[in-house]
There are 2 protein chains.
Amino acid sequence: MSSIWQEEIAAETRAGGRISDRFIVDKVRKAVLTQRLPPGTRLPEVALGDIFGVSRSVVRKALTRLAADYVVTQQPNQVARVRAPSIEETRETFAARRLVEGEVAALLAGRLDETQLATIASLVEREAEAHACGDEPARIEHSLAIHHLMAEHSPNRVLGAMLTDLILRTSIVIALYKRAGLASCYLTEDHPALLAHLRTGDSEAARRCIHDHLQALENLLDLSSRETRIDLMAILGQREGVTE
Amino acid sequence: MSSIWQEEIAAETRAGGRISDRFIVDKVRKAVLTQRLPPGTRLPEVALGDIFGVSRSVVRKALTRLAADYVVTQQPNQVARVRAPSIEETRETFAARRLVEGEVAALLAGRLDETQLATIASLVEREAEAHACGDEPARIEHSLAIHHLMAEHSPNRVLGAMLTDLILRTSIVIALYKRAGLASCYLTEDHPALLAHLRTGDSEAARRCIHDHLQALENLLDLSSRETRIDLMAILGQREGVTE
DNA sequence: GGCGAGATCTTTGTATACAGAAACCCTGTT
DNA sequence: AACAGGGTTTCTGTATACAAAGATCTCGCC
């Protein structure tokens with residue numbers, strides 16, 4: 001019935017800011033991340049326009065950018081849909097992120113100042129607390145913040161931007177392929193260990209730490225290819241759009 | 001006075017194909033690569049629309065996608081311009097490409113079939129011939145084809161797509177920062193050596209080969225930061241658009 | 001001669017209209 | 001009951017109109 005973004009749109013317009021394509025990109029991205037927009041969801045331009053109170057022009061630009069970020073697929077003359085990365089692509093995305101984030105971690109080791117290290121330390125701690133409280137959304141948020149911080153502070157900005165993209169993409173597939181029974185993808189020791197290596201400046205240890213961390217994360221997923229868990233037909237067959 | 005794309009547009013329309021945003025993206029990309037559109041060139045939407053015979057809607061989508069590819073910059077309420085990557089970004093782009101293409105080469109080593117190897121061998125040979133003939137544009141084309149072929153056949157498609165992007169970006173900065181006196185960026189032994197490693201399947205040798213090749217390429221550029229060769233003011237100050 | 005204020009022009013941002021493609025539904029037939 | 005066909009609906013592709021932001025130019029002043 002009602003849209004997912006009621007309050008945020010109201011807040012934005014109340015604050016005097018007019019809705020731009022960037023706003024829509026952010027909101028859709030976040031909704032995909034949190035699985036409020038599951039893969040295959042139809043994103044018709046007019047519906048989105050009505051929801052956000054803008055015309056198709058703005059929505060169109062937003063969808064084009066989301067397609068460039070691999071969040072949605074856009075085929076000619078067809079409605080845009082939330083992308084459903086395959087198992088194969090999931091493995092490849094993880095491999096790419098291991099390579100890139102490993103390098104960023106190595107570059108970053110020993111080059112962060114005390115303030116930055118303190119920020120990370122605080123995030124690591126808050127992630128552990130959230131996990132202890134069973135507040136999984138908060139835990140995910142803090143975990144993402146740690147990785148995003150690395151991407152943002154990467155001495156190599158090009159690699160940093162690439163890492164930002166890969167973090168988004170891996171988050172999507174984690175949400176998608178999380179093993180059914182698993183409550184959380186928390187790995188107790190990984191982030192503290194990473195922080196230690198970043199502090200001491202051991203580049204190769206930091207790289208290995210990130211590598212193993214991401215490998216462990218991937219191993220937590222249900223990527224058994226025998227029964228394609230993402231049944232494309234089932235997903236793409238239904239009519240659900242952005243309103244329910 | 002007249003546009004750079006006269007013939008190609010005529011050919012496309014004659015062939016019955018209507019001009020799409022993809023067509024424009026390709027043409028602008030190529031023009032930037034070959035420096036027919038130097039950095040800083042203004043790309044007004046109406047002018048492009050007139051040239052390609054389409055309305056601003058199509059041009060707009062093309063520009064958005066070019067911006068996502070880092071080929072042009074789009075600032076709110078300002079005309080889109082061909083991007084002029086800084087020296088710093090150039091170094092970072094090369095570093096990123098070394099990382100990614102090195103990995104792709106390592107993955108690819110020993111996994112190409114005879115047909116694919118033969119294709120590469122032919123390209124390597126033709127590149128050498130073109131260089132001998134002094135036909136630099138042809139030489140560049142064949143060299144690019146070799147690297148693109150690696151990107152396309154990458155077992156990891158995600159890394160392959162990233163590599164495709166990085167090849168474009170490095171090509172742009174090579175054109176930008178090529179040392180003034182240098183006729184060609186040809187390195188006689190690198191591509192044959194790479195081919196040999198791909199054939200024998202020595203992953204680490206292939207990785208090192210790519211790494212050294214790209215490092216040598218970067219060293220051929222004039223990245224002396226003391227006098228910023230790309231004088232932003234000089235470039236952005238002038239009025240030249242896409243027509244002359 | 002240099003500099004600033006205002007008018008003018010250029011260019012983008014957004015909405016909207018219309019045409020065409022795709023999806024859907026309903027009906028009639030086998 | 002399954003299926004093919006045609007009409008309807010939905011949705012995208014493209015062009016265009018208008019408003020607002022930015023750039024430029026001119027003129028008057030110091």
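Per chain, numbering begins at 1; letters A, B, ... match sequence-line order.
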Between B:Gln116 and B:Asp113 (side chain of the first, backbone of the second, donor and acceptor by atom type, cut-off under 3.5 Å), is there such a pair? yes

Integer-rounded Å distance: C:dT14 C1' and A:Phe23 CZ: 17 Å

When rounded to whole Å, the CG to P distance for the pair B:Asp21 and D:dT12 reads 15 Å

Looking at every heavy atom in both A:Leu43 and A:Val79, which two are closest together, and how far apart are they? C-CG2, 3.8 Å

Phosphate contact (C:dT11 OP1 or OP2) by B:Gln78 side-chain N/O below 4.0 Å: no

To the nearest angstrom, how far is A:Leu48 atom CG from D:dC11 atom P? 11 Å

Side-chain contact check for B:Val58: nearest option of D:dT12, C:dT14, D:dA15 is D:dA15

The answer to which of A:Ser55 and A:Pro76 contacts DNA chain C further toward the 5' end, by nearest nucleotide, is A:Ser55

Would you kindly give the CD-to-P distance between B:Gln74 and C:dT12, to the nearest whole Å? 9 Å

Could you give the distance from CZ (A:Arg126) to CG (A:Asp135), rounded to the nearest 0.5 Å? 12.0 Å

Given atom CD of B:Glu45 and atom C1' of D:dT14, what is their separation to the nearest angstrom? 14 Å

Using heavy atoms to find the nearest nucleotide of DNA chain C for A:Asn77 and A:Val54 separately, return the residue whose nucleotide is more 5′. A:Val54

Distance test, side-chain N/O of B:Arg42 to OP1/OP2 of C:dT11, below 4.0 Å: yes

Between C1' of D:dT14 and NZ of B:Lys61, the distance in whole Å: 11 Å

The reported gap from CD1 in A:Ile4 to CD1 in A:Ile51 (rounded to nearest 0.5 angstrom) is 7.5 Å

Return no unless some side-chain N or O of B:Ser57 is found under 4.0 Å from OP1 or OP2 of D:dT14. no

Verify the contact: side-chain N or O of A:Arg56 to OP1 or OP2 of C:dA17, cut-off strictly under 4.0 Å; return yes or no. no

What is the distance, rounded to the nearest whole Å, between atom CD of B:Gln75 and atom C1' of D:dA23? 14 Å

Here the distance between atom P of C:dT14 and atom CZ of A:Phe52, to the nearest Å, is 14 Å

For the student: nearest non-hydrogen atoms of A:Pro85 and A:Leu176, plus distance: CD-CD1, 3.6 Å

